[in-house]
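Worksheet: the structure to be examined is printed underneath.
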Amino acid sequence: MIAPTTTATTADGGAPVGHRGAAAVAVLASASAAVFGAIALTLFLLPGRHGAPQPAEHPTASSSPSTSVTGPRCRDTACEGGSPMDMRCATAPETLVEHVTATGASVQLRYSRECGTSWTRMWGARIGDRIESEAVGGVHTYRAEVEDQAEADTYVHTAMTATRPGTLVRTCFLPTADGGKECFEARVGRSPEPTPRTRTSHLSTT
């Protein structure tokens, strides 16, 4: 004869104790799975794991920003006939001489020590006024003309000619009317000599 199976119940007559234990185990397993899943996801997303992108410690040549070149783009005879603005020779030029013409226009002879070139620029002129610039004894003469009101309100400049310290440079102003040709010259100065160091001697007192 098989004895009847008895099922333990709670004191308040609720659900069997065995079923509540199983439910608690299932809830605990689900919670544990969720926690382990969150940890795994966090580890997966950490930099340097599973191929995730990470910042480079040192920038590579391809990722580093390109260096902007601000120096002159030519020198000496390579600048011959070029624009002082386009060739970046007009950033810090020297004014060899400045002349105010009979019509009131201002003309300057300019020299770039970095580029080894000279040119002429003019402002306060009228449409049709012209300037010429050349190195005395050279083979090139460069000209510029005020062609519109915008240039009359600003300035115009000639192309560059290669010069070196000691070179004599000539420029001429040719007005469109009311006056004749005006020319003047200036010589390119030599580079300043470095200041010699003064050696201090200490006299012995013994």
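Only a predicted model underlies this, so the values are computations on that prediction, with no experimental measurement involved. For the single chain, residues carry numbers from 1 onward in sequence order.
- Counting heavy atoms from C-beta outward, Glu80 and Thr161 have side chains that approach closer than 4.5 Å.
- Between atom CZ of residue Arg121 and atom CD of residue Glu98 there is a gap of 8.0 Å, rounded to the nearest 0.5 Å.
- Here the side chains of Thr167 and Tyr111 are not in contact, with every heavy-atom distance at 4.5 Å or above.
- Atom CG of Asp76 sits about 10.5 Å away from atom CE of Met160, to the nearest 0.5 Å.
- Residues Glu134 and Val169 approach most closely at O-CG1, 3.3 Å, considering heavy atoms.
- The shortest distance between side-chain heavy atoms of Thr101 and Pro175 does not fall below 4.5 Å.
- The hydrophobic clustering, which links ILVMFWY residues whose side-chain heavy atoms are closer than 4.5 Å, places Val188 and Trp119 apart.
- Evaluation of the disulfide (SG to SG under 2.5 Å) test over residues 109-177, restricted to residues two or more places apart or in two chains, returns Cys89-Cys115, Cys172-Cys183.
- The number of heavy-atom neighbours closer than 6.0 Å to OH of Tyr155, taken from other residues, nucleotides and ligands shown, is 12 or below.
- In this structure Arg143 satisfies the salt bridge (charged side-chain N to carboxylate O under 4.0 Å, His left out) test together with Glu132, sequence neighbours excluded.
- Here the CD atom belonging to Glu151 is positioned 11.5 Å from the CG atom belonging to Asp129, to the nearest 0.5 angstrom.
- A distance of 5.5 Å separates CG in Leu174 from NZ in Lys181, rounded to the nearest 0.5 Å.
- The backbone N or O of Phe173 lies less than 3.5 Å from no partner atom in the side chain of Glu182, so there is not a single donor-acceptor pair.
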Task: Audit row: Arg130, Glu145, salt bridge (charged side-chain N to carboxylate O under 4.0 Å, His left out) steps and yes/no - done: CA-CA 4 Å; Arg130 292 170 293 158; Glu145 179 177 344; 5.0 Å; no
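- In this structure, Tyr142 and His140 have parallel ring planes: the angle between them is below the 30° cut-off, well short of the 60° mark.
- If you chain together hydrophobic residues whose side chains sit under 4.5 Å apart, Leu109 and Val100 never meet in one group.
- Annotation for Gly71 and Arg88: closest pair O-CD, 3.3 Å, computed over non-hydrogen atoms.
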Task: Stepwise side chain to side chain contact (heavy atoms under 4.5 Å, CB included) test for His157 and Ser83 - done: CA-CA 8 Å; His157 59 80; Ser83 165; 3.6 Å; yes
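- By the 4.5 Å heavy-atom criterion applied to side chains, Ile127 and Thr176 are not counted as neighbours.
- Met122 is listed as a side-chain neighbour of Val146, based on a closest heavy-atom distance under 4.5 Å.
- At least one donor-acceptor pair closer than 3.5 Å links the side chain of Thr158 to the backbone N or O of Thr120.
- Of all non-hydrogen atoms in Ser118 and Thr163, the two that sit nearest each other are OG-OG1, 2.8 Å.
- You'll find the side chain of Ser112 stays beyond 4.5 Å of the side chain of Met87, heavy atoms only.
- Between Arg113 and Gly189 the shortest heavy-atom distance is NH1-O, 3.8 Å.
- Side chain of Arg126 to backbone of Ala177: a donor-acceptor contact under 3.5 angstrom is found.
- At least one side-chain heavy atom of Phe184 sits less than 4.5 Å from a side-chain heavy atom of Thr171.
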